[in-house]
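None of the values given here were measured: they were computed from a predicted structure. Each chain gets a letter, A, B and so on, in the order its sequence line appears, and its residues count up from 1.
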There are 2 protein chains.
Amino acid sequence: MAKELTEKQFLKRYDIHEFDIPLTSVDMAIFTIRGGELQVLLVKRAQHPSKGLWALPGGFIDLKKDRTLSDTAHRKLLEKTGVDTPYLEQVESFGSADRDARGWSVTVAYLALITCDDIVLAADESSEEVTWMSVEKVEQEMDLAFDHQAILDVCHDRLKNKVQYTSLPINLLPTEFTLTELQKTFEIILGIPVEKKSFRRRILDADILEETGGMKTGSNRPAKLYSTKPEGVKHFFSRSIEGPRR
Amino acid sequence: MAKELTEKQFLKRYDIHEFDIPLTSVDMAIFTIRGGELQVLLVKRAQHPSKGLWALPGGFIDLKKDRTLSDTAHRKLLEKTGVDTPYLEQVESFGSADRDARGWSVTVAYLALITCDDIVLAADESSEEVTWMSVEKVEQEMDLAFDHQAILDVCHDRLKNKVQYTSLPINLLPTEFTLTELQKTFEIILGIPVEKKSFRRRILDADILEETGGMKTGSNRPAKLYSTKPEGVKHFFSRSIEGPRR
DNA sequence: TGACATAGTGTCTATAGACCACTAACATAG
DNA sequence: CTATGTTAGTGGTCTATAGACACTATGTCA
């Protein structure tokens with residue numbers, strides 16, 4: 001595939017400047033919670049263009065293997081993380097004449113949420129450098145390849161926005177979790193404290209969780225463990241989380 | 001451009017089955033309110049594939065003219081309707097091996113809202129047949145080209161959803177309108193009646209409209225005319241429109 | 001056995017939409 | 001020149017749900 005070619009070979013193979021159709025790819029913002037932070041998976045580019053810069057994982061559609069766009073996304077997710085499909089959502093497409101040095105290109109951005117301990121990093125045979133990086137740090141200090149900074153921003157905004165009125169963060173936790181852990185996850189993504197009672201009421205009333213019967217013990221009162229009901233994973237609340245008023 | 005070619009010429013020109021990159025296009029669901037209905041703009045396909053079937057307007061990216069994807073969308077909107085940019089939003093991309101008989105293809109779907117009387121239909125030099133059609137009718141009875149039925153569904157859902165918590169329908173009205181006209185527009189899109197007092201409070205409290213000073217007279221009490229404030233066009237409400245409870 | 005820490009609850013307030021009946025202001029018919 | 005109809009616009013109550021915050025419960029560990 002394209003990835004193994006040098007730029008010159010690539011240009012020759014695709015004869016890009018003769019085309020009047022754009023190159024189309026898929027890029028992913030794969031989020032997880034690690035060390036109390038929201039982190040995103042980055043790959044160091046091994047080829048031209050933007051060689052050596054960190055980038056969102058992604059690549060070209062494989063017309064043989066992939067039947068649909070989401071097949072491509074699932075394949076990429078699997079290649080980079082070794083897991084599949086906890087949560088995958090198409091976010092937005094970015095296309096312009098100058099976002100890629102190779103010419104007019106379009107990329108379809110996907111957002112994925114995965115549980116930290118599912119991860120077997122860099123199961124990719126191409127042995128690129130792969131790493132988790134704090135989203136905050138990436139957005140403030142780093143210079144990503146192509147327009148990946150903008151793509152990450154949009155995916156991050158989408159995540160923050162959806163967390164307001166859905167139970168999405170459940171996908172960032174292992175199958176069993178306590179309500180406090182879930183609340184912490186919401187707080188990390190939203191970046192604001194969430195009121196305990198309101199939070200618990202919302203989640204419980206939404207009727208998407210069930211008690212597993214187990215308890216999480218520590219050096220204090222044990223907490224009930226919950227898992228998501230088989231049916232509903234994401235569920236819409238009637239209002240968004242409003243956070244403290246004063 | 002591609003449009004003037006026969007399938008055979010097209011295949012030859014693009015040598016499609018040699019590529020391992022997909023064809024990428026833009027398709028649009030252009031909505032308006034006409035005759036008390038939500039209607040969508042359709043174009044009759046003059047070429048293979050799906051020749052003779054109605055389709056959403058759209059086409060390939062023009063790598064010379066368009067700098068970005070939204071340029072392509074704006075251009076298509078202008079070509080078909082003679083107007084530009086009252087409201088344009090990217091919705092979702094659809095890509096698969098079999099959505100287009102020509103091979104693997106990706107299309108980026110856009111949603112546009114325009115005011116009915118802005119419209120100068122079929123300003124397109126290619127003199128295709130262009131028409132407005134009731135969305136309800138299209139979704140129930142018609143067979144659109146490619147996967148355009150699915151694309152329309154997604155765009156329609158997005159519209160209905162956004163209307164719940166934004167002032168989006170303002171873009172379907174002329175610059176001056178009465179609150180009752182705006183309410184009617186919401187009701188047409190939502191398909192349910194909306195309570196007058198709550199609606200007016202919501203809209204007025206959102207502080208996105210200003211009185212123009214003019215009045216709309218008829219054979220009854222005249223109504224104040226409003227226009228959108230220069231700053232805010234779309235604005236988010238804190239809750240969605242709930243409609244009648246019983 | 002008591003300090004502590006975290007889990008989990010009772011209950012009040014504030015907000016904003018639903019509901020519905022009311023008043024206001026025009027055109028037009030008689 | 002009034003009566004009537006029709007639509008514009010409002011007042012005021014009801015209700016659902018989120019925020020606030022203090023309270024109780026239940027474990028560990030020194």
- Item | Proximal nucleotide (of D:dA20, D:dT10, C:dA7) relative to the B:Arg200 side chain | D:dT10
- If every non-hydrogen atom of B:Asp207 is compared with every non-hydrogen atom of B:Lys229, which pair is closest and at what distance? OD1-NZ, 3.0 Å
- Note on the structure: Contacts of B:Leu225 and A:Ser219 projected onto DNA chain D by closest heavy atom; the upstream (5') one is B:Leu225
- Message: Under 3.5 Å, is there any donor-acceptor pair linking the side chain of B:Arg221 to the base of C:dA25?
- Response: no
- Got a salt bridge between A:Lys216 and A:Glu181, using NZ or NE/NH1/NH2 to carboxylate O under 4.0 Å? yes
- Message: At 4.0 Å (heavy atoms only), tell me whether A:Lys224 reaches a base, stays on the sugar-phosphate, or touches nothing.
- Response: sugar-phosphate
- Query: With a 4.0 Å cut-off on heavy atoms, is B:Arg202 in touch with a base, just the backbone sugar-phosphate, or nothing at all?
  - Reply: sugar-phosphate
- Trace of the salt bridge (charged side-chain N to carboxylate O under 4.0 Å, His left out) decision for B:Glu89 with B:Lys162: CA-CA 11 Å; B:Glu89 174 192 347; B:Lys162 273 210 146 175; 3.4 Å; yes
- Note on the structure: B:Phe199 atom CZ is separated from C:dC20 atom C1', nearest whole Å, by 18 Å
- Atom-pair distance (NZ on B:Lys197; P on D:dG11), nearest Å: 6 Å
- Task: With heavy atoms under 4.0 Å as the rule, sort A:Thr178 into base, sugar-phosphate or nothing.
- Result: nothing
- Query: Can you find a donor-acceptor pair, distance only, under 3.5 Å between A:Arg201 side chain and D:dG19 base?
  - Reply: yes
- Take atom CE of B:Met215 and atom C1' of D:dG9, then tell me their distance rounded to the nearest Å. 10 Å
- Query: Separation of B:Asn220 atom CG from D:dT6 atom C1', in whole Å?
  - Reply: 5 Å
- Item | base_contact_polar (C:dG8 base, A:Lys196 side chain, donor-acceptor, <3.5 Å) | yes
- Message: Without decimals, in angstroms, what is the distance between A:Gln183 CD and D:dA18 P?
- Response: 14 Å
- A:Ser227 and A:Thr175: side-chain donor and acceptor closer than 3.5 Å? no
- Donor-acceptor pair present, A:Ser198 side chain and D:dG19 base, under 3.5 Å: yes
